[in-house]
Amino acid sequence: MVTIAVFASGYGSNLQAIIDAIESKQLDARIAIVFSDKKEAFALERAKKHSIPTLYLSAKEFPSREEHEKKIIEHLDPLGVELIVLAGYMRILSPYIIGRYPLRIINIHPALLPSFPGTHGIKDAFDYGVKYTGVTVHFVDEGVDTGPIIAQEVVRIDDNDTLETLELKIHAIEHRLYPQVIQWYSENRIRVDGRKVRIVSP
Ligand code: GRF
């Protein structure tokens, strides 16, 4: 069992996939809190529907990124949060929080990193015309989408794919892969050696 905090800024379909995996006992985790920097994030509604505590703190109310994160961490620490799961969290984390949770923050990105980092991974890959794209789950370091890669899955872009059909394919994989990686974390099966991450047998 791993105690997690999920950070989300928007729709929260990955949060929903994590909740569903926990409820169907495929994932041995407990969501201690769902945090959002956006008041209107649908992710917060999803959490409330499942009686998961929520926290909303706008970054605008703090003088710096660090102050914002300090306040978030004040809420996380007493809850015994072991892993921070970014699920559509649209802010770049500062070295402060990364230092406080070293190799304990993960992110999901809708492309095969290091290709197409940033906010529009699906569209950027589609517009570029690559034949294969995919999903990456990685540890968060101080760069943008640069941390050690834990898992990747490939999606083929067919001639008849549109951006919309590609988005559906990508999200379907995300919703399966992210709970899987959290389960590996929960089972203490993730080994990190520099940039190389291995998943060891249970
Ligand atoms: C996902 O595509 C994820 O890869 C990216 O942001 C999106 C979040 O979607 N980081 P949702 O809010 O989980 O529906």
Side-chain angles (χ1 to χ4, degrees), residues 4-23 26-27 29 31 33-50 52 54-59 83-93 97-98 101 104-128 130 132-157 161-185:
I4 66 175
V6 179
F7 287 17
S9 300
Y11 185 56
S13 69
N14 280 284
L15 166 67
Q16 189 66 54
I18 295 164
I19 293 172
D20 293 347
I22 292 171
E23 291 188 349
Q26 285 164 289
L27 172 56
I31 305 177
I33 195 162
V34 171
F35 166 70
S36 185
D37 60 323
K38 296 276 180 258
K39 197 176 185 178
E40 67 284 2
F42 189 57
L44 292 174
E45 301 308 314
R46 294 181 190 270
K48 284 176 195 154
K49 212 181 259 177
H50 293 265
I52 298 166
T54 59
L55 172 68
Y56 155 67
L57 290 171
S58 167
L83 180 70
I84 297 175
V85 175
L86 306 185
Y89 186 63
M90 299 309 285
R91 299 185 60 77
I92 312 263
L93 299 184
I97 193 167
I98 294 163
Y101 283 83
R104 289 167 59 201
I105 309 176
I106 60 174
N107 183 44
I108 189 157
H109 182 76
L112 290 178
L113 292 173
S115 291
F116 310 113
T119 317
H120 305 290
I122 304 177
K123 184 172 189 304
D124 291 347
F126 184 77
D127 289 348
Y128 195 94
V130 292
Y132 293 91
T133 181
V135 173
T136 304
V137 178
H138 64 94
F139 285 108
V140 174
D141 67 5
E142 289 166 20
V144 177
D145 299 328
T146 52
I149 291 171
I150 305 168
Q152 289 187 306
E153 252 186 67
V154 174
V155 172
R156 194 186 139 78
I157 303 179
D161 266 321
T162 61
L163 180 57
E164 289 68 34
T165 61
L166 179 60
E167 281 171 346
L168 289 174
K169 287 189 196 174
I170 295 273
H171 293 315
I173 288 179
E174 288 188 326
H175 298 162
R176 182 170 43 72
L177 190 60
Y178 219 5
Q180 173 68 76
V181 169
I182 299 166
Q183 179 61 23
W184 288 337
Y185 193 96

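Remember, it's 1-based here, ligands and their atoms both numbered in the order they're listed.
Remark: minimum distance from atom 14 (O) of ligand 1 to any protein heavy atom is reached at S13 OG, 2.5 Å. Atom 9 (O) of ligand 1 has its closest protein heavy atom at N14 ND2, 3.8 Å. The shortest contact between atom 3 (C) of ligand 1 and any protein heavy atom is with E174 OE2, 3.2 Å. With respect to atom 6 (O) of ligand 1, the closest heavy atom belonging to the protein is G88 CA, 3.6 Å. Regarding atom 12 (O) of ligand 1, its nearest protein heavy-atom neighbour is G12 N, 2.8 Å.
Within the 4.5 Å cutoff, the side chain of F7 has heavy atoms near those of the I97 side chain.
Checking side-chain atoms of K169 against main-chain N and O of I157 turns up no donor-acceptor pair under 3.5 Å. Under a 3.5 Å cut-off, the side chain of S36 and the backbone N or O of Y56 do not form any donor-acceptor pair. Remark: the backbone N or O of L113 is paired with a side-chain donor or acceptor of T136 at under 3.5 angstrom. H109 places a side-chain N or O within donor-acceptor distance of the main-chain N or O of F116, the cut-off being under 3.5 Å.
Using a 4.0 Å cutoff on heavy atoms, A8 does not count as a contact of ligand 1. Residue contacts with ligand 1: Q16 is excluded, as none of its non-hydrogen atoms falls under 4.0 Å.
Ligand 1 places these atoms under 4.0 Å from at least one heavy atom of H171: 2 (O). Within ligand 1, the atoms closer than 4.0 Å to a non-hydrogen atom of Y11 are 12 (O), 14 (O), numbered from 1 in the order shown. Within the listing of ligand 1, atoms 3 (C), 4 (O), 5 (C), 10 (N) sit less than 4.0 angstrom from a heavy atom of I108.
Remark: H120 NE2 is loosely packed, at most 12 non-hydrogen atoms of other residues, nucleotides or ligands lying under 6.0 Å away.
Taking the centre and axis of the six-membered ring of Y11, the NZ or CZ atom of R46 falls inside the cone set by 45° and 6.0 Å.
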